[in-house]
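Here's the structure, in structure tokens; my notes come after.
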Amino acid sequence: MPELPEVETVRRSLAAHVVGQQIVAVDVRRSDVVAAPEHGEMFPMALMERTIEGLERRGKYLLMALSDNLWLVVHLRMTGRWVLTAPETPEPAHTHVILRLSGGQELRYTDPRRFGRLRLVSADGLALCPGLSTLGPEPLDPAYRPEHLAEALARRTTRIKALLLDQHVIAGLGNIYADEALAMAAIHPDRPASSLTTDEVACLYQSIQRVLQAGIDAKGTSFRDYVDGEGQKGAFQEQLWVYGREGEPCRRCGGTILRAKRGGRSAHFCPYCQV
DNA sequence: ACGGTGCCCTGGCCGC
DNA sequence: TGCGGCCAGGGCACCG
């Protein structure tokens with residue numbers, strides 16, 4: 001499930017190979033993964049012969065800068081993958097889009113659950129892109145400070161974990177890194193957001209940055225499906241404190257990690273040292 | 001504006 | 001071995 005560190009790892013692993021290459025063929029197998037342009041033939045036509053000028057990331061969005069001021073905006077959601085492979089490599093199941101590059105390799109988009117979406121927009125249209133235009137601050141941006149997090153949590157009655165998952169509040173956290181950041185900060189996920197003290201917000205701010213950076217350093221968490229642009233798994237699952245560790249001892253206090261349903265998804269935490 | 005719920009979608013897993 | 005049911009969860013529509 002790609003969150004900020006996974007998308008950043010995909011970005012880095014692909015950028016080294018694809019930037020500067022031209023798209024010489026486009027094959028769309030399932031047009032329902034293409035959210036824009038809506039007309040089926042426009043997407044491949046517009047991509048043809050464009051040069052990939054850069055790869056960027058914003059929150060969990062992967063942004064491919066193309067020649068002629070075009071952007072390919074990608075959200076991988078749960079099971080989306082971009083993998084660069086030789087054309088003779090057998091095609092994996094659920095391959096929905098293939099971009100043949102001038103270097104001879106294929107950039108393949110696969111997504112078993114088809115939650116992910118590709119959106120081709122002009123540079124002007126980028127600001128109007130659903131999701132992207134209302135995205136909250138980038139947590140690893142040096143301009144992002146603890147005061148910004150404090151302001152976003154003030155007067156909010158909802159659970160702190162629900163706010164961390166809200167992409168308008170802060171961009172890039174998903175279920176894994178939200179649980180991990182709260183565990184590192186020793187804050188209970190059910191705490192009302194506005195109940196956090198200034199010190200707790202500062203600690204949470206630092207925990208968010210540390211857990212995201214550690215995730216990037218480990219090239220992401222490969223809990224189920226995630227691989228990077230070269231098909232490689234990440235290693236952060238080996239360092240997890242709470243996510244997927246129900247019934248196991250807390251790495252800080254030895255207490256038993258709990259898993260509880262919150263708003264349709266599971267929260268993992270140590271009920272003894274997360275208060 | 002805010003908080004909460006349900007939906008999409010399929011592979012994998014569990015129990016019978 | 002087969003099959004039904006459930007679970008994983010990001011983003012958004014929708015409701016009160």
Side-chain angles (χ1 to χ4, degrees), chain A residues 1-8 10 29-36 38 57-63 73-82 91-97 109-119 121 128-136 138-139 151-182 189-196 208 212 215 220-227 233-234 236-237 240 242-247 257-269:
Chain A
M1 42 208 87
E3 304 178 27
L4 188 155
E6 288 74 34
V7 180
E8 178 61 19
V10 170
R29 305 286 175 74
R30 278 204 77 120
S31 55
D32 56 352
V33 304
V34 178
E38 286 181 29
R57 180 195 57 74
R58 181 76 172 87
K60 302 174 195 172
Y61 290 85
L62 191 62
L63 308 172
V73 178
V74 179
H75 200 302
L76 302 170
R77 296 284 185 104
M78 304 299 297
T79 53
R81 291 181 177 185
W82 277 110
E91 205 174 283
H94 310 289
T95 299
H96 306 313
V97 176
Y109 178 71
T110 66
D111 187 358
R113 289 165 71 178
R114 301 202 309 281
F115 273 23
R117 287 293 178 267
L118 316 185
R119 195 177 285 272
V121 297
L128 305 169
C129 228
L132 199 54
S133 55
T134 55
L135 212 50
E138 202 61 43
E151 180 54 32
L153 303 191
R155 300 172 298 280
R156 297 293 298 267
T157 59
T158 196
R159 292 184 174 110
I160 179 62
K161 182 176 171 188
L163 274 203
L164 293 184
L165 292 175
D166 185 341
Q167 302 301 298
H168 306 99
V169 169
I170 182 169
L173 291 172
N175 209 34
I176 296 176
Y177 293 93
D179 277 353
E180 291 298 309
L182 287 167
D190 290 342
R191 285 273 299 281
S194 59
S195 76
L196 269 64
I208 289 167
L212 289 175
T221 305
S222 288
F223 212 80
R224 290 184 184 84
D225 304 284
Y226 165 76
V227 293
K233 293 190 172 212
F236 196 64
Q237 64 277 9
L240 294 172
V242 288
Y243 188 89
R245 296 192 67 243
E246 182 189 14
I257 302 297
L258 217 61
R259 181 166 69 108
K261 273 273 181 241
R262 293 289 181 272
R265 56 209 51 165
S266 50
H268 309 74
F269 58 98

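Between A:Leu153 atom CG and B:dC2 atom C1' the separation is 15 Å, expressed in whole Å. Distance A:Lys161 NZ to C:dG10 P: 8 Å, rounded to the nearest Å. As a whole-Å value, the separation of A:Leu132 CG from C:dG11 C1' is 13 Å. One can place NZ of A:Lys60 at 6 Å from C1' of C:dG10, the figure rounded to the nearest angstrom. Remark: C1' of C:dG10 and CG of A:Leu62 are 16 Å apart, rounded to the nearest angstrom. The CG atom of A:Leu164 sits 13 Å away from the P atom of B:dG3 (whole-angstrom rounding). The distance between atom CG of A:Leu165 and atom P of B:dT5, rounded to the nearest whole Å, is 15 Å. Summarising the geometry, the separation between OH on A:Tyr61 and C1' on C:dG11 is reported as 7 Å, rounded to the nearest angstrom.
Here C:dC7 is the nucleotide among C:dG10, C:dC7, B:dG3 with the atom lying nearest to any side-chain atom of A:Arg259. Distance from the side chain of A:His94 is smallest for B:dT10 among the nucleotides B:dT10, B:dG3, C:dG10. The side chain of A:Thr158 lies closest to B:dG4 when the candidates are C:dG11, B:dC9, B:dG4.
With the nearest nucleotide of DNA chain C identified for both A:Met78 and A:His168, A:Met78 has the one nearer the 5' end. Positionally, the nearest nucleotide of DNA chain B for A:Ala162 lies more toward the 5' end than for the other of A:Arg114 and A:Ala162. Both A:Arg265 and A:Leu163 lie close to DNA chain B; mapped to their nearest nucleotides by heavy-atom distance, the more 5′-ward contact belongs to A:Leu163.
OP1 and OP2 of C:dG10 both lie 4.0 Å or more from every side-chain N or O belonging to A:Gln167. Distances shorter than 4.0 Å separate some side-chain N or O of A:Lys261 from OP1 or OP2 on C:dA8.
Smallest separation of non-hydrogen atoms from A:Ile176 and A:Glu3: N-OE2, 3.0 Å.
In this structure, A:Phe223 has its ring center closer than 6.0 angstrom to the ring center of A:Tyr243.
The base of C:dA8 sits within donor-acceptor range of the side chain of A:Arg113, with an N or O pair under 3.5 Å.
No hydrogens or angles considered: nothing links the side chains of A:Tyr177 and A:Asp179 as a donor-acceptor pair under 3.5 Å.
With contacts defined as side-chain heavy-atom distances shorter than 4.5 Å, the pair A:Val73/A:Leu118 does not qualify.
Among the heavy atoms of the strands lying under 4.0 Å from A:Ser266 are primed sugar atoms or P, OP1, OP2 only; no base atom is included.
At distances below 3.5 Å, at least one donor-acceptor pair connects side-chain atoms of A:Ser194 with backbone N or O atoms of A:Arg156.
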